[in-house]
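Atoms within each ligand, like the ligands themselves, are counted from 1 in listed order. As the structure is a computational prediction, the values presented were derived from the model and not from experiment.
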Amino acid sequence: MRPAIPSLLLALLPALSALADDGARLYAQNCAACHGERGSGGIGVPLALPSIRALTTEEYLRRSIRHGRPGRVMPAFASLSAAEVDAIVAHMGSWNPGRPAEYAETRIPGDLANGGKLFQKHCASCHGATGEGGKGTGVTLSRPREQTIMAPALHNAGFLASTTDLQIKAILTQGVTGTPMVSFVRKGLKEQDIDDLVAFVRNFEQSPLARPDAGKPAPEPVLSVESPYDLKTTVANLKRAAETNNFIFIREQTLDEGIVPPGRENHNQQIVYVCNFGLLAQALNTDPRVGLFLPCRFTILEQAGKVTMMASNPKRLSQIFNNSELDEMCEKLTKMYLTIMEDATL
Ligand code: HEC
Ligand code: HEC
């Protein structure tokens with residue numbers, strides 16, 4: 001008689017390897033663009049580091065995928081099924097031989113006042129004064145050498161819902177080898193200080209950080225300003241206004257250039273491209289995805305004798321992303337667009 005167990009295993013093998021394939025595929029589709037093909041990091045932190053594996057539970061990964069990091073670049077993957085999330089977590093486990101960590105959900109009591117003082121002294125320089133997280137994204141060499149990996153947000157509903165007090169304590173005690181996050185025991189903090197810091201970080205749950213635009217109606221998708229001049233004068237004014245406001249003129253074309261045969265373009269519909277390279281560099285550093293809506297572009301239309309200048313509202317575009325820092329920058333950009341268009345009417 002053939003033993004039952006091996007045949008059962010054989011029957012399961014295709015299903016198991018399909019799941020493994022799924023994990024690799026789902027990771028490639030959903031995560032690799034930011035965290036790197038094999039977790040080496042990029043816009044997102046280098047998840048494959050053995051030290052991160054050793055300090056991280058599978059449940060932390062599952063919850064991080066589900067909740068994301070609201071207001072940061074890391075999205076929430078609410079639409080992945082539980083099996084898909086498990087497959088991704090299993091795939092991430094295949095990068096490292098070590099076992100993932102396990103922590104009980106025990107709460108660590110501590111002195112919040114002392115924790116707060118220590119936080120300002122030892123953590124705020126990287127994680128932000130309110131624990132909102134470092135500026136910019138992922139792994140980059142454009143930051144100071146001790147901050148090549150962005151410090152993640154701690155005062156963040158997604159992080160707090162994913163982590164446990166014992167994980168935070170382990171991270172503070174051991175540090176995350178290979179990242180700027182060092183051991184604070186080695187820096188001279190006592191166990192009680194570490195506990196006070198853990199309690200302070202946990203207490204962020206009591207004062208959630210709101211996104212600046214939370215609860216406000218969506219900004220209008222298009223900014224538009226009417227011009228008192230004819231189209232030609234308006235275009236010339238707009239170019240000058242852009243230059244006065246530190247943008248460089250790039251090019252001008254009709255809205256339908258390349259769409260209709262040459263010579264048949266409608267000259268009552270013009271596009272003006274301008275760029276502020278300093279701002280562009282700053283924006284790309286904040287979130288490389290802004291490349292999608294740059295350079296800056298104005299459309300100038302003449303309809304029934306009325307000339308209107310228009311631009312997509314950066315504040316509206318910024319809402320597609322999940323990044324408070326980008327929101328602030330787009331808010332500034334929106335003001336600049338309006339200033340340029342208003343200057344062009346003078
Ligand atoms: C020199 C910059 C720096 C300082 C100072 C610093 N950290 Fe970090 N911290 C980091 C970086 C970078 C990471 C990301 C490592 C990783 O990807 O796990 C990190 C990770 C963490 C994590 C894990 C969070 C997560 O999402 O993975 C916690 C918790 C944390 N730090 C708490 C603290 C506390 C509390 C202090 C002060 C006692 C502190 N850190 C000081 C840079 C710093
Ligand atoms: C658009 C970019 C982006 C995508 C896509 C993305 N992440 Fe992230 N992820 C980040 C960033 C940036 C952080 C750091 C969070 C912060 O700034 O606070 C992060 C943080 C994390 C963390 C916490 C890291 C730590 O050290 O504790 C985990 C775990 C994680 N991501 C897993 C994933 C997985 C798995 C996927 C795919 C299902 C994914 N991420 C997709 C950008 C991304």
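The Val73 neighbourhood of ligand 2 comprises atoms 1 (C), 2 (C), 12 (C), with distances under 4.0 Å to a heavy atom of that residue. Each of the atoms 35 (C) of ligand 2 lies under 4.0 Å from some heavy atom of Met92. Of all atoms in ligand 2, numbered sequentially from 1 with element shown, those under 4.0 Å from a heavy atom of Ala153 are 16 (C), 18 (O). Residue Cys34 approaches ligand 2 through these ligand atoms, each under 4.0 Å from one of its heavy atoms: 1 (C), 2 (C), 3 (C), 4 (C), 5 (C), 42 (C), 43 (C). Each of the following atoms of ligand 2 lies closer than 4.0 Å to a heavy atom of Pro152: 16 (C), 18 (O). Each of the atoms 15 (C), 23 (C) of ligand 2 lies under 4.0 Å from some heavy atom of Arg69. Close approach to Leu61 involves these atoms of ligand 2, each under 4.0 Å from a residue heavy atom: 29 (C). Counting the atoms of ligand 1 from 1 in the order shown, those under 4.0 Å from a heavy atom of Val45 are 17 (O). Listed by number with element, the atoms of ligand 2 under 4.0 angstrom from any heavy atom of Gly44 are 10 (C), 11 (C), 12 (C), 42 (C).
Under the 4.0 angstrom criterion for non-hydrogen atoms, Pro75 is in contact with ligand 2. At least one heavy atom of Tyr60 sits under 4.0 Å from some atom of ligand 2. No heavy atom of Gln167 sits closer than 4.0 Å to any atom of ligand 1.
For atom 8 (Fe) of ligand 2, the N/O/S atoms of His35 include one lying under 2.8 Å. Residue contacts to atom 8 (Fe) of ligand 2: Met74 brings an N, O or S atom closer than 2.8 Å.
With no hydrogens or angles considered, a side-chain donor-acceptor pair links Thr233 and Asp230 at under 3.5 Å. Side chain to side chain, Arg316 and Thr334 fail the donor-acceptor criterion of an N or O pair below 3.5 Å. Of the N and O atoms on the side chains of Asn266 and Asp256, not one donor lies less than 3.5 Å from an acceptor on the other residue. When only modelled atom types and interatomic distance are considered, Ser51 and Thr177 share no side-chain donor-acceptor pair under 3.5 Å.
Using a 4.0 Å cut-off between charged nitrogen and carboxylate oxygen, Lys190 and Asp193 do not count as a salt-bridge pair. Using a cut-off of 4.0 Å between Lys/Arg side-chain N and Asp/Glu carboxylate O, Glu59 and Arg62 are scored as salt-bridged. The existence of a salt bridge linking Glu220 and Lys315 is excluded, since no basic side-chain nitrogen approaches an acidic carboxylate oxygen closer than 4.0 Å.
The residue among Gly134, Cys123, Cys126 with a heavy atom at the shortest distance from atom 43 (C) of ligand 1 is Cys126. Nearest-heavy-atom check against atom 38 (C) of ligand 2 across Ser162, Cys31, Gly42 picks out Cys31. One option in Val201, Asn156, Leu154 has a heavy atom closer to atom 28 (C) of ligand 1 than any other, and that option is Leu154. Heavy-atom proximity to atom 11 (C) of ligand 1, evaluated over Gly175, Ser51, Ala151, is greatest for Ala151.
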Stepwise salt bridge (Lys or Arg N to Asp or Glu O under 4.0 Å) test for Lys169 and Asp195: CA-CA 7 Å; Lys169 181 166 180 171; Asp195 286 354; 3.0 Å; yes
